[in-house]
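Fair warning: this is a prediction, and the values are worked out from it, not measured in the lab.
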Amino acid sequence: MSADLVFGIHAVGALLQRAPQDVLELFVMKDRDDKRTQPLVQQARDNGVSVQFCNRKTLDDLVKGQHQGVVAKARPQSTGSEADLDEIVAKHAKPFILILDGVTDPHNLGAILRSADAAGVHAVVSPKDRSVKLTSVVRKVACGAAETVPFITVTNLARTLRQLQDAGLWIVGTAGETDTLVYDADLKGPLALVLGAEGDGLRRLTRETCDSLVKIPMFGSVSSLNVSVAAGICLFEAVRQRQ
């Protein structure tokens, strides 16, 4: 069976707290015995997870990144389907969905999942092709949000947008060429926010399927924001309006 390697204090802690049954083995740096790792070791043992103490080189060889002395071998995290998205939308009076049109950088997806969790987003949707998956880096950057926010992958994004429209959601895309600021849009009702890929923005068909387009005002010399920063701004403007 293939396994994911989840690393970092926050990511491993969130996994042990929310899905301990998915943790197959815990690796801890043997000379690291402090108040941050002790609870993880105890939690793993309480759930019958094997704990291996090893040197730093072993952990460095396991993962590329700042593991903070803790690596968990875990069952691969499954992503949701179109059917799961239908269930999520039907369950909420005012669904709040975030759609990513081709985000490929794992650090950006991890940061977006973290913002989505904080904003109370019901699901994050991404195309199956030409988009980053739930990798170990995504889960590390998300600091536990990858375990709490449903991540849905779909085959045909434009078709999914039309299905959400049929379900009563208003589809709001972000695009620099519009004159409407995100602060002037109505984001209070059933909503799907759509953000495009790093650098390229929304694809033509995605943009044409949106009900409206908004932009974030820019006053400096740069022409655009990182997609994870833009997602945070748009999500929390929606939160402000929906309070």
Evaluate the criterion salt bridge (charged side-chain N to carboxylate O under 4.0 Å, His left out) for residue pair Asp61 and Lys57; output intermediate values, then yes/no.
CA-CA 6 Å; Asp61 291 342; Lys57 185 179 185 310; 2.8 Å; yes
Does the pair Met29 and Gln68 meet the rule for a side chain to side chain contact (heavy atoms under 4.5 Å, CB included), with working shown?
CA-CA 9 Å; Met29 197 160 70; Gln68 299 176 301; over 6 Å; no
Chi angles and distances behind the side chain to side chain contact (heavy atoms under 4.5 Å, CB included) call for Leu109, Leu113:
CA-CA 6 Å; Leu109 179 56; Leu113 288 171; 4.1 Å; yes
Side chain to side chain contact (heavy atoms under 4.5 Å, CB included) between Leu40 and Ile9, intermediate numbers included
CA-CA 8 Å; Leu40 302 183; Ile9 296 287; 4.2 Å; yes
Could you go step by step and tell me if Ser131 and Thr104 meet the side chain to side chain contact (heavy atoms under 4.5 Å, CB included) rule?
CA-CA 5 Å; Ser131 297; Thr104 57; 5.6 Å; no
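More than 12 non-hydrogen atoms from other residues, nucleotides or ligands lie less than 6.0 angstrom from CD of Glu177. Annotation for Arg242: atom CZ counts as buried by contact number, over 12 foreign heavy atoms lying within 6.0 Å.
Hydrophobic clustering of Ile, Leu, Val, Met, Phe, Trp and Tyr side chains at less than 4.5 Å, counting indirect connections, keeps Val141 apart from Val121. Under a hydrophobic clustering in which Ile, Leu, Val, Met, Phe, Trp and Tyr are joined whenever their side-chain heavy atoms come within less than 4.5 Å, directly or via other members, Leu161 and Leu85 fall into the same cluster. When the side chains of ILVMFWY residues are joined at heavy-atom separations under 4.5 Å, either directly or via intervening members, Ile233 and Val149 end up in a single hydrophobic cluster. One hydrophobic cluster, built from ILVMFWY side chains closer than 4.5 Å, cannot hold both Phe151 and Leu15; they sit in different ones. Linking Ile, Leu, Val, Met, Phe, Trp and Tyr whenever their side-chain heavy atoms come within less than 4.5 Å puts Leu157 and Leu169 in one cluster.
Atoms CE and CG, on Met218 and Leu225 in that order, are 4.0 Å from each other to the nearest 0.5 Å. Expressed to the nearest 0.5 Å, how far CZ of Arg159 lies from CG of Leu205 amounts to 12.0 Å. Atom CG of residue Leu164 and atom OG1 of residue Thr209 lie 11.0 Å apart, to the nearest 0.5 angstrom. Remark: Cys143 SG to Asp117 CG distance equals 10.5 Å, nearest 0.5 Å. In this structure, CG on Asp200 lies 11.0 Å from CZ on Arg130, to the nearest 0.5 angstrom. To the nearest 0.5 Å, atoms CG (Leu191) and CD1 (Ile97) are separated by 9.0 Å.
A perpendicular orientation is assigned to the rings of His122 and Phe96, their planes being inclined by more than 60° (bins at 30° and 60°).
The side chain to side chain contact (heavy atoms under 4.5 Å, CB included) test with Gln43 singles out one residue from Val12, Val23, Leu16, Leu26, and that residue is Leu16. Checking each of Ile171, Thr178, Val172 against Ser212 for a side chain to side chain contact (heavy atoms under 4.5 Å, CB included) leaves exactly one that passes, namely Val172.
Looking only at side-chain heavy atoms (C-beta outward), Thr180 and Leu213 stay at 4.5 Å or farther from each other. A heavy-atom distance below 4.5 Å is not found between the side chains of Asp4 and Lys73. When side chains are defined from C-beta on, Thr58 does not count as touching Phe53, because their heavy atoms never get closer than 4.5 Å. Considering only heavy atoms from C-beta on, Val70 stays 4.5 Å or farther from Arg36 through its side chain. Side-chain contact check for Ile99 versus Leu195: every heavy-atom pair is 4.5 Å or farther apart. Residues Val154 and Val125 form a side-chain contact, since some pair of their non-hydrogen atoms from C-beta on lies under 4.5 Å apart. Between Arg75 and Leu24 the shortest side-chain heavy-atom distance falls below 4.5 Å. Side-chain atoms of Val49 and Pro20, non-hydrogen and from C-beta on, never get closer than 4.5 Å to each other.
For Val132 against Thr135, the heavy-atom pair with the smallest separation is CG2-CG2, 4.5 Å. Closest non-hydrogen pair, Ile112 versus Leu98, comes out as CG2-CD2, 3.5 Å. Taking all atoms of both residues into account, the shortest heavy-atom contact from Gly102 to Ala197 is O-CB, 3.0 Å. Listed here is the closest heavy atom pair of Glu237 and Tyr183: OE1-CD2, 3.4 Å. Considering all non-hydrogen atoms of both residues, His67 and Asp60 come closest at NE2-OD1, 2.7 Å. In this structure, Ile88 and His92 approach most closely via the heavy-atom pair O-CD2, 3.0 Å.
When atom types are taken as modelled, the side chain of Thr174 and the backbone of Val194 share a donor-acceptor pair closer than 3.5 angstrom. Judged by distance alone, with hydrogens and angles left aside, the side-chain atoms of Arg207 form a donor-acceptor pair with the main-chain N or O of Leu202 at under 3.5 Å.
Counted by atom type alone, Asn47 and Gln21 present zero donor-acceptor pairs between their side chains at under 3.5 Å. Side chain to side chain, Thr206 and Glu208 fail the donor-acceptor criterion of an N or O pair below 3.5 Å.
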